[in-house]
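Bear in mind the structure is a predicted one, so any value in this text is a computation, not a measurement. Residue numbers begin at 1 in each chain, while the letters A, B, ... track the order of the sequences.
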Amino acid sequence: MAKNLLIVESPAKAKTIEGYLGKDFTVKSSYGHIRDLVKSDDAINIASNFEQKYEVPADKKQIVAELKKLAKEAEMVWLASDEDREGEAISWHLFETLGLKDATTKRIVFHEITKPAIMRAIENPRKIDYNLVNAQQARRVLDRLVGFELSPVLWKKVKPSLSAGRVQSVAVRLIVDREREVNKFTAEAAFRIAATFGKGREAFKAELAERYSQQEDAEKFLTDCVDATFKVNSLETKPLRRSPAAPFTTSTLQQEASRKLGFSVSRTMQVAQKLYESGKITYMRTDSVNLSDTAINAAQAQIVRAYGEKYHTLRKYKTKSASAQEAHEAIRPTYFDVHTVDGDNSEKRLYELIWKRAIASQMSEAQFEKTTAKIGISTRKEELTANGEVMKFDGFLKVYLESNDEDEDNTQDEDNAMLPPLTVGQLLNMNEMTATERYSRPPARYTEASLVKKLEELSIGRPSTYAPTISTIQNRGYVVKEEREGRTRNFRVLTLKAGSITKEQRSENTGAERNKLFPTDIGAVVNDFLVQYFQGIVDFNFTAGVEKKFDEIAQGLEEWTDMIRKFYQPFHIEVENTLKTADKATGERELGVHPESGKKISVRIGRYGPFVQVGENATDENPEKPLYASLRAGQMIETISLDEALELFKLPKKVGFYEDKDMTVAIGKFGPYIRHNSAFYSLPKEIDPLDVTEPQAIEIIEAKRVRDAERLIKVFDENPEVKILNGRWGPYIEFEKLNVKIPKGKEPLELTFDEVKALADATPATGKKGRFGKAAPKAAAAKAPAAKKTPAKKKAPAKKAAPKAKK
DNA sequence: CAGTGAGCGAGCTTCCGCTTGACTT
């Protein structure tokens, strides 16, 4: 039996440390927090000084039991959870729950998992820091009070099952605000003048700083240049240096993996977790840019060996973020001499990114020489500017270049091309000059990763919660991650070449979006409600403010219950007042009146989502019912126009008659469809649902029947609900409601009913509730539909069309 | 899976931060 039990938070960490410490130590993991506030409303007794009721959740019972047993047998228990607020609280919960004794318990901390760091920690034990624990309790209690008092207000005033919280509600607000900025934005066009000079490889480009909003002015400029001579007025050369970025934190890793690899933040974390568990990288949930001395030395050795001494520069990075708690190192490879790893493609690519970024962070600056040439025009006082950049030393760029969110913007291309040798006074031959109309761009919508960046800047959320927060706001239906098609827009180009000016109109696609976050109507309504009644909570500085208080508590300068009381009393009064006085929020907006009937047309949120209503609600005096139509995907209450709303009432519409039944056309969740004899037939994209003719509709129905017939391979006489079908991935068995795979090598047509039944019995039922069914039966019904919206599953329906079309 | 848009009012929903599995396509 080991004399010492050492408890850390993560099992992977436990394994590593066990290797450092030898036989006298058993190292175990608590798997994070082992206790939490009870789920019910009596978790915090407000009248009794915010006394909390904690419990060990079901999935932690086993761990706690094991730790308890080991603790009893050990001579000394070492609590080695992280050195931050949450970590200190974990140690305290362990102390309380395991029934530890002061005399046989030691608290130790380290910021890096290296042997010297661990040994140093063991030589310098301390006691649990109760100020820090109190700061965590304040954080926990505040979040619970906010979340569990605000959410029920939303259930009453907006819709059941909604949620609000210190972090998620601000995240939604950022997205709603940004969407409104984009909607408000009007693009302004201006002509940019650019010219090319020189021949072949010596050709270069120069631009005019001024922009012309009027075409006449741009044209005048070009006309003036027809007979002008061009001369180098001045040349300036100056050195330019670029430094590498700091090694990754959780937030910067998520951003770069999104930009460079196209990963969602949750994918990044899943892949990083795998790399961490297999010992390839250090811990992936960190806000620190610090590297251990061991790491710095190892990186240096790698760089010197691979690239030479002059490529190495020792650098120590300081974390910018004020809220950083720095319990870990930056994310880096465990061993710098491992350049690539085994595993699937995403693991390889993410590892490579982490390796390069960490190595580059210890490399020398890149050096450039930037040349600026001003070119005079004999007929105008303005000058053209040409920039050229020559790299003198690549430095860290040998391995890594950080990208930024504006990389897609290629309007400024070739900005750092090379210039040919030039001299002041030199006359230049102009090849071509253009005046191109360019539009200003609206602020960019958030991606998952740029939202994380913004939240981190506001000190909202922690490395362990960025990815879950982004899932939450999508699962609640406040936000959707979507593609949007752009529209074409014309722009004018004037070209001066060989002494004459030509004008042409070109077109570009604008406003197209990929994987951007859009607010939904419910997101906007909830946000506006919270902004109106709970300004203080959704204020962007709310978290920063309470964090300051938590710090004071951690330093022992303030009593945590005092702080919470000062917050809670006014907050709770606001909650009560809002419940009493606020109207139900539906986001209702009046669009105008119907051009023919003169009836009022309005949009609002109903039980099944946003819809348009024509006419007033029925009353005793006026029993006529209003007309309703749901908004379509991509339409919003805030932006829908009267014409678009009227358009929605053109469907469903009768198309004709076939086999003694009506055919109607409408648009559903999965696009336009024809309905005939209570069956549905999807409309191909090329056909506008408003223009479908009777023969077209019949053709579509017949085609679907043929496909269905081809799909059916065999029906069993024993049970007509058992069939062999041809699916997207070949033949499969449909056994009542269950889909069953056919084992390889079996001929589908030769299967007997008994064989099929045996296969079906061996196939576990897949019901959507299955996953939540056991652990949280109550949550199953509510969560199953929400889960459908997860982005990972979106791909399937999109691809479905392809194989079908081929036939 | 694709019509709906009221209410007799049961019983439910919900927060943020620490950690990993165990699920399916």
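Within the structure, a side-chain polar atom (N or O) of A:Arg285 is placed less than 4.0 Å from OP1 or OP2 of B:dT19. Between A:Ser10 and B:dT20 there is a side-chain N or O to OP1 or OP2 distance below 4.0 Å. Contact annotation: A:Gln136 does not reach the phosphate of B:dG17 (side-chain N/O to OP1 or OP2, under 4.0 Å).
Judged by the 6.0 Å distance and 45° axis criteria, A:Arg35 is positioned over the aromatic ring of A:Trp92. A:Tyr478 does not carry A:Arg476 over the face of its six-membered ring by the limits of under 6.0 Å from the centre and within 45° of the normal.
Considering only the side chain of A:Pro11, B:dT20 comes nearest among B:dC15, B:dT20, B:dA2. Nearest to the side chain of A:Ser163, among B:dC15, B:dT20, B:dC16, sits B:dC15. Nearest to the side chain of A:Asp41, among B:dC18, B:dT20, B:dT14, sits B:dT14. Considering only side-chain atoms of A:Ser161, the nucleotide from B:dT20, B:dT13, B:dG17 that sits closest is B:dT13. Taking only side-chain atoms of A:Tyr283, from C-beta outward, the nucleotide of B:dC18, B:dG5, B:dT14 with the closest atom is B:dC18. With distances taken from any side-chain atom of A:Val167 to the nucleotides B:dC16, B:dT19, B:dT13, the minimum falls on B:dC16. With distances taken from any side-chain atom of A:Ser151 to the nucleotides B:dT14, B:dC16, B:dT19, the minimum falls on B:dT14. Proximity note for A:Arg140 (side chain, C-beta onward) versus B:dG17, B:dT14, B:dC16: the nearest is B:dC16. When the nucleotides B:dC15, B:dT19, B:dG5 are ranked by their closest atom to the side chain of A:Arg476, B:dC15 comes out on top. Listed nucleotides: B:dC15, B:dT20, B:dG17. Nearest to the side chain of A:Thr472: B:dC15.
One interatomic measurement links the two molecules: CG of A:Asp287 to C1' of B:dG17, which rounds to 13 Å at whole-angstrom precision. Between the P atom of B:dC15 and the CD1 atom of A:Ile460 lies a distance of 16 Å, rounded to the nearest Å. Following rounding to the nearest Å, A:Ile601 (CD1) and B:dG5 (P) show an atom-to-atom distance of 18 Å. Put simply, CZ on A:Arg675 is 15 Å from P on B:dC1, counting in whole angstrom units. In this structure, A:Asp84 places its CG atom 8 Å from P of B:dT19, rounding to the nearest Å. Rounded to an integer number of Å, the gap from A:Leu154 CG to B:dC12 P is 20 Å. Distance, A:Ile674 CD1 to B:dC1 P: 21 Å, rounded to whole Å. B:dT13 atom P lies 16 Å from atom NZ of A:Lys159, rounded to whole Å.
Counting non-hydrogen atoms under 4.0 angstrom, A:Tyr276 reaches the backbone sugars and phosphates but no base. Nucleic acid contact for A:Gln613: none, since no nucleic acid atom lies under 4.0 Å from a heavy atom of the residue. Among the protein residues, A:Glu149 comes within range of no part of the nucleic acid, since none of its heavy atoms lies under 4.0 Å from any strand. At the heavy-atom level, A:Ala89 lies nowhere under 4.0 Å from the strands shown. Residue-level contact check: A:Leu150 touches neither bases nor backbone, having no heavy atom under 4.0 Å from any strand. Residue A:Gly32 is classed as a base contact, given a heavy-atom separation below 4.0 Å to a base. No engagement by A:Ser30 is indicated, since no non-hydrogen atom pair under 4.0 Å with the nucleic acid exists.
Between A:Phe567 and A:Phe542, the ring-plane angle classifies as tilted under the 30° and 60° cut-offs. Ring-plane geometry between A:His93 and A:Tyr54 is classed as perpendicular, the angle between the planes exceeding 60 degrees on a 0 to 90 degree scale with a lower cut at 30.
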Side chain to side chain donor-acceptor pair (under 3.5 Å) between A:Gln168 and A:Ser163: does it pass, once the steps are laid out? CA-CA 9 Å; A:Gln168 59 170 289; A:Ser163 66; 2.8 Å; yes
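Where A:Val146 and A:Ser464 each meet DNA chain B at their nearest nucleotide, the meeting point lying more 5' is that of A:Val146. For A:Gly609 and A:Tyr681, each mapped to the nucleotide of DNA chain B holding its nearest heavy atom, the one lying further toward the 5' end belongs to A:Tyr681.
Ring-to-base geometry does not place A:Tyr673 in a stacked arrangement with B:dA2 (centre distance under 5.5 Å, plane angle under 30° required). Both geometric conditions, a ring-centre gap below 5.5 Å and a plane tilt below 30°, are not fulfilled together for A:Tyr608 over the base of B:dG5. In this structure, A:Phe148 forms an aromatic stack with the base of B:dT14, since both conditions hold: centre separation below 5.5 Å and plane angle below 30°. Under the stacking definition used here (centres under 5.5 Å, planes under 30°), the residue A:Trp155 qualifies as stacked on the base of B:dT13.
With hydrogens and angles ignored, no donor-acceptor pair under 3.5 angstrom links the side chain of A:Arg462 to the base of B:dC16.
At a cut-off of 3.5 Å, with distance as the only test, a side-chain donor of A:Gln52 or A:Gln137 sits close to an acceptor on the other residue. In this model, a donor atom of one side chain and an acceptor atom of the other lie less than 3.5 Å apart for A:Ser346 and A:Asp344.
Ring pair A:Tyr673/A:Tyr681: centre-to-centre distance not below 6.0 Å.
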